[in-house]
Amino acid sequence: MDVTKAVIPAAGFGTRFLPVTKAQPKEMMPVLDRPTIQYVVEEAVEAGIDDILIITGRGKQAIERHFDKSYELEEALEKDGKIDRLDRVQEIADLADIHYVRQKERDGLGDAVMYARKHVGDQPFALLLGDTIIESDTTCTESLISAAEEHESSVLSLERVPWEDVPSYGVADLGGEESTGGSFPVEDFVEKPPQEEAPSNLAITGRYVLTPEIFDRLEQTERGVGGELQLTDAIRELEDVRGVELKGDRYDIGNIPSWLQANIEMALKHDDGEMNEAVEALLQEQVE
Ligand code: G1P
């Protein structure tokens with residue numbers, strides 16, 4: 001089993017971020033010097049994938065523009081001798097082969113993933129949600145691919161979340177077994193359960209490797225929570241699904257506290273001198 005393609009759904013509304021997201025996709029929310037979705041594309045590329053399909057929708061043109069060549073800008077930077085910046089701009093367009101398909105109506109994550117069927121074909125693929133940044137030593141997608149290749153099955157990244165947050169996630173049911181350090185079988189999933197009905201607090205983080213069987217399962221899936229076609233409902237019908245506990249930091253950029261946290265923590269972590277010190281000083285000032 002060889003995973004060579006990645007799919008990034010980026011078609012949802014950014015309602016928790018309005019009004020910023022009124023005319024701008026939430027996936028373009030900047031974290032430090034780049035939009036969220038660039039980190040997601042970079043994660044796929046680091047995992048060895050250079051064929052990426054982004055599922056867009058109405059009002060998402062800024063995403064395409066971001067990954068496109070920008071002749072006027074490049075010319076201006078070159079003329080001004082700003083070679084450093086020119087390199088950074090050119091790198092973006094050279095990251096990967098990026099393809100786009102447009103979801104006609106917003107009808108849930110499951111529906112968005114269905115749009116990948118033609119492009120993906122009969123191959124397993126990585127799925128990375130476009131509004132979630134995951135920072136880890138080995139990229140999350142890479143660890144999922146290794147486990148998927150080893151077990152020839154679909155694999156999801158899972159993370160223990162506080163119990164009160166469980167209703168915001170898809171949650172794994174390990175059938176009474178414990179999770180292990182490597183990959184482990186998952187018996188079932190439930191999308192956004194009430195806290196008292198949740199089988200665990202192991203939440204789906206937004207990174208998956210799925211076998212192409214998912215498309216047939218999606219076709220047979222009825223509308224679920226929120227009246228939408230839920231990807232989790234199709235995943236629970238797959239033959240074989242495994243989980244891997246996330247080792248790293250996850251930032252869901254869909255809400256302001258998490259976005260702020262991403263900016264602060266990543267500014268402190270990414271050791272690039274000046275900014276690092278400036279942010280540290282700023283935080284110090286706040287606690288004094
Ligand atoms: C989606 C998935 C959910 C997953 C979550 C991770 O939900 O449906 O299973 O846990 O992403 O962010 P959403 O956040 O789109 O409501």
Side-chain angles (χ1 to χ4, degrees), residues 7-18 21 25-27 29 31 36-37 39-40 43 54-57 60 103 105-116 126-135 140-141 144 154-174 179 186 188-195 197-210 214 217-218 221-238 241-246 248-259 261-262:
V7 174
I8 303 180
F13 275 134
T15 35
R16 286 175 297 170
F17 236 131
L18 282 168
T21 47
K26 65 173 165 173
E27 295 80 8
M29 285 298 297
V31 173
T36 300
I37 194 165
Y39 292 96
V40 182
E43 180 184 329
I54 301 184
I55 307 189
T56 67
K60 301 280 184 172
Q103 185 187 24
E105 275 176 77
R106 291 192 169 98
D107 195 14
L109 182 57
D111 180 70
V113 172
M114 270 305 264
Y115 280 80
L127 179 73
L128 299 85
L129 300 193
D131 60 359
T132 299
I133 297 175
I134 294 187
E135 293 234 307
C140 179
T141 296
L144 297 185
S154 295
V155 184
L156 273 63
S157 159
L158 303 171
E159 184 184 44
R160 298 230 174 250
V161 297
W163 278 94
E164 62 272 23
D165 294 347
V166 151
S168 308
Y169 293 97
V171 176
D173 181 350
L174 304 192
S179 57
V186 181
D188 202 0
F189 289 93
V190 41
E191 180 68 12
K192 305 205 169 77
Q195 188 179 329
E197 285 169 29
S200 79
N201 64 341
L202 266 178
I204 301 174
T205 66
R207 297 291 187 269
Y208 317 68
V209 168
L210 297 170
I214 192 68
R217 301 287 92 82
L218 274 168
T221 299
E222 311 255 313
R223 255 132 247 290
V225 175
E228 293 185 337
L229 193 55
Q230 295 293 347
L231 177 65
T232 307
D233 292 341
I235 290 177
R236 56 194 301 221
E237 301 302 328
L238 291 173
V241 186
R242 301 182 74 84
V244 170
E245 263 196 73
L246 174 68
D249 298 317
R250 177 177 59 91
Y251 305 104
D252 170 1
I253 304 301
N255 65 76
I256 294 172
S258 181
W259 169 78
Q261 188 190 357

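As the structure lists them, so they are numbered: ligands from 1, and atoms in each ligand from 1. Quick caveat, the model's predicted, so the values are computed rather than measured.
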Would you say the side-chain atoms of [X] pair up with the backbone N or O of [Y], donor to acceptor, closer than 3.5 Å?
X    : Y    : value
R207 : T132 : yes
S157 : L246 : no
Y39  : V31  : yes

- Query: Quick one: nearest non-hydrogen protein atom to atom 7 (O) of ligand 1, plus distance?
  - Reply: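 The closest heavy atom on the protein side is K192 NZ, 3.3 Å.
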- Task: Determine, considering heavy atoms only, which of E159, R16, R250, E191 sits nearest to atom 2 (C) of ligand 1.
- Result: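 Looking at heavy atoms only, E191 sits closest to atom 2 (C) of ligand 1.
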- Item | L129 neighbourhood, listing ligand 1 atoms whose heavy-atom distance to it stays under 4.0 Å |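 Ligand 1 atoms under the 4.0 Å threshold to L129: 11 (O).
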- For Y169, atoms of ligand 1 separated by under 4.0 Å from a heavy atom: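 That gives atoms 10 (O) of ligand 1.
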- Item | Check: T205/E159 side-chain N/O donor and acceptor closer than 3.5 Å |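 Checked: T205/E159 side chains show no N/O donor-acceptor pair below 3.5 Å.
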- Task: Any chance you could measure L144, atom CG, to S154, atom OG, to the nearest 0.5 Å?
- Result: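 OG of S154 is found 10.5 Å from CG of L144.
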- Item | Atom CD of E164 with >12 non-hydrogen neighbours under 6.0 angstrom |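 Atom CD in E164 is packed in, count exceeds 12.
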- How about atom 14 (O) of ligand 1: does it have a protein heavy atom within less than 4.0 Å?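 No, there is no protein heavy atom closer to it than 4.0 Å.
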- Task: Kindly state if atom 10 (O) of ligand 1 has a protein heavy atom within a strict 4.0 Å cut-off, that is, under 4.0 Å?
- Result: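 Yes, at least one protein heavy atom sits under 4.0 Å from atom 10 (O) of ligand 1.
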- Which pair of non-hydrogen atoms, one from Q103 and one from D107, has the smallest distance, and what is that distance?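 Closest heavy-atom pair between Q103 and D107: NE2-N, 3.5 Å.
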- Contact check, T232 vs ligand 1, heavy-atom distance below 4.0 Å: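 Within the 4.0 Å threshold, so yes.
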- Query: Any non-hydrogen atom of L231 lying under 4.0 Å from ligand 1?
  - Reply: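 L231 does not count as a contact of ligand 1 under the 4.0 Å cut-off.
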- Message: If we set the cut-off at 4.0 Å for heavy atoms, which region of I204 has an atom near ligand 1: side chain, backbone, both, or neither?
- Response: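 For I204, the contact with ligand 1 is made by both the backbone and the side chain.
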